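Have a look at the structure below, then the notes.
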Amino acid sequence: MINTIAIDGPAGAGKSTIARRVAKKLNAIYVDTGAMYRAMALFLIRNGVARDDQEMIGVKCEEAEISIQFKDGEQQVLLNGENVNGLIRTEEVGNMASMSSTNPKVRQKLVELQRKLAESTSVVMDGRDIGTYVLPNASHKIYLTASVEVRARRRYEELLAKGEQCDLQQIAADIKERDERDMNREFAPLKQAEDAVLVDSSEMSLEEVEDKILSIAEQ
Ligand code: DC
């Protein structure tokens, strides 16, 4: 039987870490939809498209072919055939992705790819609109969130561990701005689906969140 688990929530809530672990336990494939929006954002940055030029974003996105492959169970995002996994985790790309993902043409293209992936195999898919729009009939839906302070601190520590220079206040401001945009865009905004279970991870450990989601998936 094909199982689909949708995990939505704001930036930095820990969705990808949790989704990856849950997928492993359930023998499902982890699909990171944010990485697809990031690959598209990288393409737009490389082509000199301004973050706020929606018309150009709509035109240029037609030239980007995004596909994914799995290597040792890890999703690899290909942008016009180039593996860009190592290039999309920067704040610059994340901020562009938050802007360009408001464009209906960008969304249409990537949602098609996401739905196809979930047709033939069990997936744990994370993003912003998976339970509300991409997979409205998902077997289980989770809305994973945490306070802005906790999310900013987690991202800050992640970046520090990678040796990147960063400023906690700036990260918190970026997160707030991104929440605002993701939640208020016209097309498929971030919101909790009516049938999603809310999990607030602000005061939970990784293991506690994982156990909670596994228990929901087993219901
Ligand atoms: O989860 P992330 O930080 O990698 O996502 C980057 C941006 O992509 C995020 O700000 C909004 C967008 N996104 C989206 O609009 N819909 C999704 N399903 C996933 C991500």
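Bear in mind the structure is a predicted one, so any value in this text is a computation, not a measurement. Just follow the structure's listing: the first ligand is 1, and inside any ligand the first atom is 1. Quick note: residue numbers are just sequence positions, from 1.
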Task: Which segment of R185 sits under 4.0 Å of ligand 1 when only heavy atoms are counted - done: side chain
- [ ] Give the atoms of ligand 1, by number and element, whose distance to some non-hydrogen atom of T33 is under 4.0 Å.
- [x] 17 (C), 18 (N), 19 (C)
Open item on the list: For ligand 1, which is the ligand I care about here, please tell me if D126 has any N or O atom under 3.5 Å from one of the ligand's N or O atoms.
Closed with: no
Task: Backbone of A146 reached by a side-chain donor or acceptor of R151 within 3.5 Å - done: yes
- [ ] Kindly identify the option in M40, E91, M125, R38 whose heavy atom sits closest to atom 3 (O) of ligand 1.
- [x] R38
Task: Non-hydrogen atoms of Q75 and A35 that approach each other most closely - done: NE2-CB, 3.6 Å
- [ ] Using a 4.0 Å heavy-atom threshold (strictly under), name the region of R107 that reaches ligand 1: side chain, backbone, both or neither.
- [x] side chain
TODO: Could you check E55, R185, Q54, K109 and say which one makes a side-chain hydrogen bond (donor to acceptor under 3.5 Å, both in side chains) with N103?
DONE: Q54
Task: Nearest-neighbour protein heavy atom for atom 8 (O) of ligand 1, which is reported as residue plus atom name and distance - done: Y37 CB, 3.5 Å
Task: Lys/Arg N to Asp/Glu carboxylate O, K60 vs E63, below 4.0 Å - done: yes
Open item on the list: I'd like to check which ligand 1 atoms, numbered from 1 as shown, lie under 4.0 Å from a non-hydrogen atom of D129.
Closed with: 16 (N), 17 (C), 18 (N)
Open item on the list: Checking contacts here: is it the side chain or the backbone of S101 that comes within 4.0 Å of ligand 1, counting heavy atoms only? Could be both or neither.
Closed with: side chain
- [ ] Determine, for R21 against E207, whether the closest basic-nitrogen to carboxylate-oxygen distance falls under 4.0 angstrom.
- [x] yes
Open item on the list: Against C61, only a single residue in K105, Q108, M56 fulfils side chain to side chain contact (heavy atoms under 4.5 Å, CB included); can you say which?
Closed with: K105
Task: Structural part of R128 in contact with ligand 1, heavy atom criterion under 4.0 angstrom - done: both
- [ ] Taking the six-membered ring of Y133 (Phe, Tyr or Trp), confirm whether the NZ or CZ of R115 is under 6.0 Å from its centre and within 45° of its axis.
- [x] yes
- [ ] Quick one: look at D182 and ligand 1, take heavy-atom pairs under 4.0 Å, and tell me if it's side chain, backbone, both or neither.
- [x] side chain
